[in-house]
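To start, the structure itself, in structure tokens.
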Amino acid sequence: MAESDFDNDISCNGVTIRERLRDGGFEADHGEYCFYARQDYHKGQQVLLCYGLYNNLELLEHYGFLLPHNPNDNVHIRLPDSEEFGVVNGNPGMSLGGTTCLEIDGSPSFSLVAGLRLRATHPFLRKSKGHFALMGKQISVDSDILIYQWLEKKCTSLLACQPTSLDDDLILKTVASSAQSFAAVEDLALSLCETPSKAHGDRVPKNVVHEIQNLVSSCTSANEDKFDKEASSRTREKDFQLERWKLAVEWRIGYKQILHRCIQFCAKKISMLKQ
């Protein structure tokens with residue numbers, strides 16, 4: 001769909017094509033994926049597509065790939081109730097806009113910090129100093145210590161609820177990188193099962209062993225009812241599942257790295273505030 005297809009260079013919802021942050025995506029008004037060209041193209045000319053400002057989870061969910069060094073990657077953090085800071089019936093009614101998330105470097109976004117600062121402040125004090133939070137400024141040292149302590153604890157709890165640690169996933173990534181086919185993973189799972197103490201017990205954490213064995217078990221179970229298919233077809237399906245697992249491990253590493261960076265960021269902030 002070229003720009004000339006639109007009157008006055010206007011697309012749906014009153015947004016010009018040149019103002020778009022992406023060249024295509026699903027649009028609810030049309031009920032379909034729409035793609036927009038920023039210039040006229042000749043037949044046979046290469047067309048490049050900008051996916052937009054997606055984090056890795058969105059890229060993985062919508063397009064089936066992720067970027068190892070995605071500058072737009074982030075971790076969404078839901079704003080807590082004010083009661084978590086000891087402020088009763090104090091949730092601010094104002095809308096902050098923006099995304100409450102952790103950026104790729106582990107730092108909290110502007111909206112996240114502003115929202116936490118407002119929730120950690122007593123409603124009476126918020127009336128006179130709440131505008132400081134909306135300007136990106138500190139309301140008080142004590143409230144900033146509270147919000148960074150909360151954020152540090154939040155990241156720690158998110159990591160604790162994961163079945164594998166960052167170190168586990170880095171080992172799994174090494175395994176995934178060396179596995180050229182699902183058959184290689186099956187052989188590894190078998191060796192882990194038969195001689196765990198002698199061959200791998202001292203080097204491979206239990207969580208890693210369990211994940212590899214569970215991967216093989218789940219893939220095998222999924223293909224049990226497909227004996228009518230050719231062996232080559234079943235092999236392709238297992239290899240496809242292996243590629244999906246590799247992407248999942250890669251995403252988990254990025255997710256956990258951001259959380260670890262945030263914990264370090266908060267620790268430095270708290271130390272500075274207490275000086």
Side-chain angles (χ1 to χ4, degrees), residues 55-70 73-77 102 104-106 152-227 229-267:
N55 62 31
N56 274 343
L57 181 59
E58 292 167 327
L59 286 175
L60 195 55
E61 288 181 332
H62 297 295
Y63 300 107
F65 74 93
L66 49 77
L67 301 174
H69 305 288
N70 184 0
D73 202 14
N74 57 48
V75 173
H76 175 72
I77 299 292
L102 305 177
I104 184 69
D105 62 355
E152 184 180 33
K153 182 179 178 181
K154 179 68 174 179
C155 292
T156 302
S157 66
L158 288 173
L159 287 168
C161 70
Q162 301 297 313
T164 55
S165 68
L166 176 58
D167 289 339
D168 292 338
D169 287 339
L170 290 172
I171 294 174
L172 287 167
K173 180 181 178 180
T174 301
V175 172
S177 299
S178 61
Q180 299 301 317
S181 67
F182 190 81
V185 179
E186 288 180 309
D187 291 341
L188 176 59
L190 183 61
S191 67
L192 290 171
C193 182
E194 290 179 344
T195 56
S197 58
K198 293 182 180 180
H200 306 279
D202 296 333
R203 295 184 288 112
V204 183
K206 284 185 178 180
N207 291 337
V208 173
V209 175
H210 290 161
E211 173 142 354
I212 293 173
Q213 292 176 340
N214 288 338
L215 171 67
V216 172
S217 176
S218 61
C219 290
T220 302
S221 298
N223 286 275
E224 280 182 351
D225 299 328
K226 300 178 181 178
F227 288 113
K229 290 189 176 182
E230 295 181 0
S232 59
S233 177
R234 293 198 299 271
T235 299
R236 285 195 300 272
E237 288 182 10
K238 287 183 177 181
D239 288 342
F240 176 70
Q241 290 171 318
L242 174 61
E243 292 305 314
R244 290 178 61 187
W245 174 71
K246 289 180 179 180
L247 287 171
V249 171
E250 189 72 36
W251 176 81
R252 277 160 28 191
I253 289 173
Y255 172 81
K256 292 169 186 176
Q257 284 176 333
I258 293 177
L259 293 176
H260 277 288
R261 290 178 194 137
C262 184
I263 291 173
Q264 295 174 353
F265 177 90
C266 291

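This structure is a prediction, so every number in the text was calculated from the model and none was measured.
Residues in residues 179-189 take part in these salt bridge (Lys or Arg N to Asp or Glu O under 4.0 Å) pairs, two or more places apart or across chains: E186-K238. Counting only residues at least two apart or on different chains, no salt bridge (Lys or Arg N to Asp or Glu O under 4.0 Å) pair has a member in residues 153-168.
With E250 as reference, K173 is the one residue of R244, K173, K256 to meet the salt bridge (Lys or Arg N to Asp or Glu O under 4.0 Å) rule.
Counting heavy atoms from C-beta on, the side chains of V249 and E211 come closer than 4.5 Å. Using a 4.5 Å cut-off on side-chain heavy atoms (C-beta onward), L172 and W245 make contact. Side-chain contact between N55 and I104 is absent, with no heavy-atom pair separated by less than 4.5 Å.
In this structure, Y63 and F65 have tilted ring planes: the angle between them lies in the 30° to 60° band.
T164 and N207 share no side-chain donor-acceptor pair at under 3.5 Å.
The two residues E152 and I263 come nearest to each other via the heavy atoms OE2-O, 3.9 Å. A pairwise comparison of heavy atoms in G106 and F265 identifies O-CB, 4.2 Å as the closest pair. Contact between D105 and R261 at its shortest, heavy atoms only, is O-CB, 3.5 Å. Looking at every heavy atom in both residues, L102 comes nearest to C155 through CD1-SG, 3.7 Å. Scanning both residues, I253 and L166, for their nearest heavy atoms gives O-CD1, 3.9 Å. Minimum heavy-atom separation, A179 to V185: CB-CG2, 3.6 Å.
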If you apply the rule side-chain contact (heavy atoms from CB on, under 4.5 Å), what do you find for T235 with F182, and how did you get there? CA-CA 8 Å; T235 299; F182 190 81; over 6 Å; no

